[in-house]
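We use all heavy atoms of the structure for the numbers below, so side chains are in, but hydrogens, waters and symmetry mates are not. Residue numbers count from 1 along this sequence.
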Amino acid sequence: MCWSATADLWAGLGIAAVGVACLASVRRPGDAPLTALPLLLGAHQLVEAAVWHGGGGPGPATLAWAVIALPLLPLWVPAGVLAAARPADRPRLLAPLAAGTATAGFLAYRLATRPVTAEIRGHTLGYAVDLPYAPLVLAGYLLATVGALLLAGDRILRLLGLVTGAGAAVCALLWRTEFLSTWCALAAVASLLLLRWIRRRP
């Protein structure tokens with residue numbers, strides 16, 4: 001999320017451009033899924049720009065935003081970290097992948113059977129999805145996304161995990177106050193760290 005349609009649009013274009021630069025630097029096929037993450041995050045911002053322009057509510061853009069944010073990311077991140085990991089590091093990454101798979105399956109089911117809506121609240125967008133067991137779902141989501149990065153063998157990916165975890169807490173606090181949404185800034189920082197990571201890969 002960003003603080004306006006214009007901010008989402010420019011953030012999405014910038015993050016997607018970093019994603020293209022990341023993919024152009026890939027030398028190992030196993031690095032491609034994680035390296036493509038900025039492209040996905042950029043697309044996510046562009047989709048949200050459409051949600052802003054549509055005035056929120058239900059609709060294809062709102063659903064597309066929710067599909068990327070909810071079931072796709074907790075599966076994509078641990079799978080990408082696992083694919084890029086050294087063989088010796090892979091066993092400890094199976095737990096985040098399992099958590100991500102279960103979380104993504106549950107969230108996909110809820111999106112398929114329940115409506116999702118968006119509401120403009122000043123400089124933030126709020127999304128409403130009927131989610132029972134929310135604390136358990138959040139724990140699985142964080143284990144899959146932040147946990148996979150923290151358990152990675154690579155120093156830059158562990159740094160990305162720290163930045164993502166701390167940034168998510170700050171973004172959530174600002175969003176709850178309905179003061180400002182800064183997810184797009186976090187996505188930009190994460191994308192630049194991934195660009196640095198792929199360019200330093202042997």
Could you check if a side-chain atom of [X] sits within less than 4.5 angstrom of a side-chain atom of [Y], using non-hydrogen atoms only?
{"X": "S191", "Y": "L37", "value": "no"}
{"X": "S25", "Y": "T35", "value": "no"}
{"X": "E119", "Y": "L125", "value": "no"}
{"X": "L149", "Y": "T145", "value": "no"}
{"X": "T103", "Y": "V137", "value": "yes"}
{"X": "L40", "Y": "L73", "value": "yes"}
{"X": "L82", "Y": "L94", "value": "yes"}
{"X": "Y127", "Y": "T62", "value": "yes"}

As a test of understanding, state which of L159, I156, L192 forms a side chain to side chain contact (heavy atoms under 4.5 Å, CB included) with W197.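 Between W197 and the candidates, side chain to side chain contact (heavy atoms under 4.5 Å, CB included) is satisfied uniquely by I156.
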
Where do [X] and [Y] come nearest, in terms of heavy atoms and distance?
{"X": "P38", "Y": "L194", "value": "CD-CD1, 3.8 Å"}
{"X": "P96", "Y": "L151", "value": "CG-CD1, 3.8 Å"}
{"X": "P33", "Y": "W76", "value": "O-NE1, 2.8 Å"}
{"X": "A144", "Y": "A99", "value": "CB-C, 4.3 Å"}
{"X": "L9", "Y": "A49", "value": "N-CB, 4.0 Å"}
{"X": "L75", "Y": "A104", "value": "CB-CB, 4.1 Å"}

State the [atom1]-[atom2] distance between [X] and [Y], to the nearest 0.5 angstrom.
{"X": "L186", "Y": "I15", "atom1": "CG", "atom2": "CD1", "answer": "9.0 Å"}
{"X": "Y109", "Y": "R114", "atom1": "OH", "atom2": "CZ", "answer": "6.0 Å"}
{"X": "D8", "Y": "L13", "atom1": "CG", "atom2": "CG", "answer": "10.5 Å"}
{"X": "L150", "Y": "L142", "atom1": "CG", "atom2": "CG", "answer": "10.5 Å"}
{"X": "L70", "Y": "F106", "atom1": "CG", "atom2": "CZ", "answer": "11.0 Å"}

May I ask whether [X] and [Y] are part of the same hydrophobic cluster, defined by side-chain heavy atoms of I, L, V, M, F, W, Y residues being less than 4.5 angstrom apart, directly or through others?
{"X": "L46", "Y": "I120", "value": "no"}
{"X": "L72", "Y": "L131", "value": "yes"}
{"X": "V20", "Y": "I68", "value": "yes"}
{"X": "L160", "Y": "V146", "value": "no"}
{"X": "L143", "Y": "L97", "value": "no"}

If we ignore hydrogens and angles and just use 3.5 Å, is the side chain of H44 paired with the main-chain N or O of W65 as donor and acceptor? yes

So, R158 side chain and A152 main chain: donor-acceptor pair closer than 3.5 Å or not?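 Pair found, side chain donor or acceptor close to backbone of A152.
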
Tell me, which pairs form a side-chain hydrogen bond (donor to acceptor under 3.5 Å, both in side chains) where one or both residues lie in residues 84-100, sequence neighbours left out? R86-D89, D89-R92

Provide the full list of salt bridge (charged side-chain N to carboxylate O under 4.0 Å, His left out) pairs with a residue in residues 192-202, sequence neighbours left out, each pair given once.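 Sorted pair list: D31-R201.
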
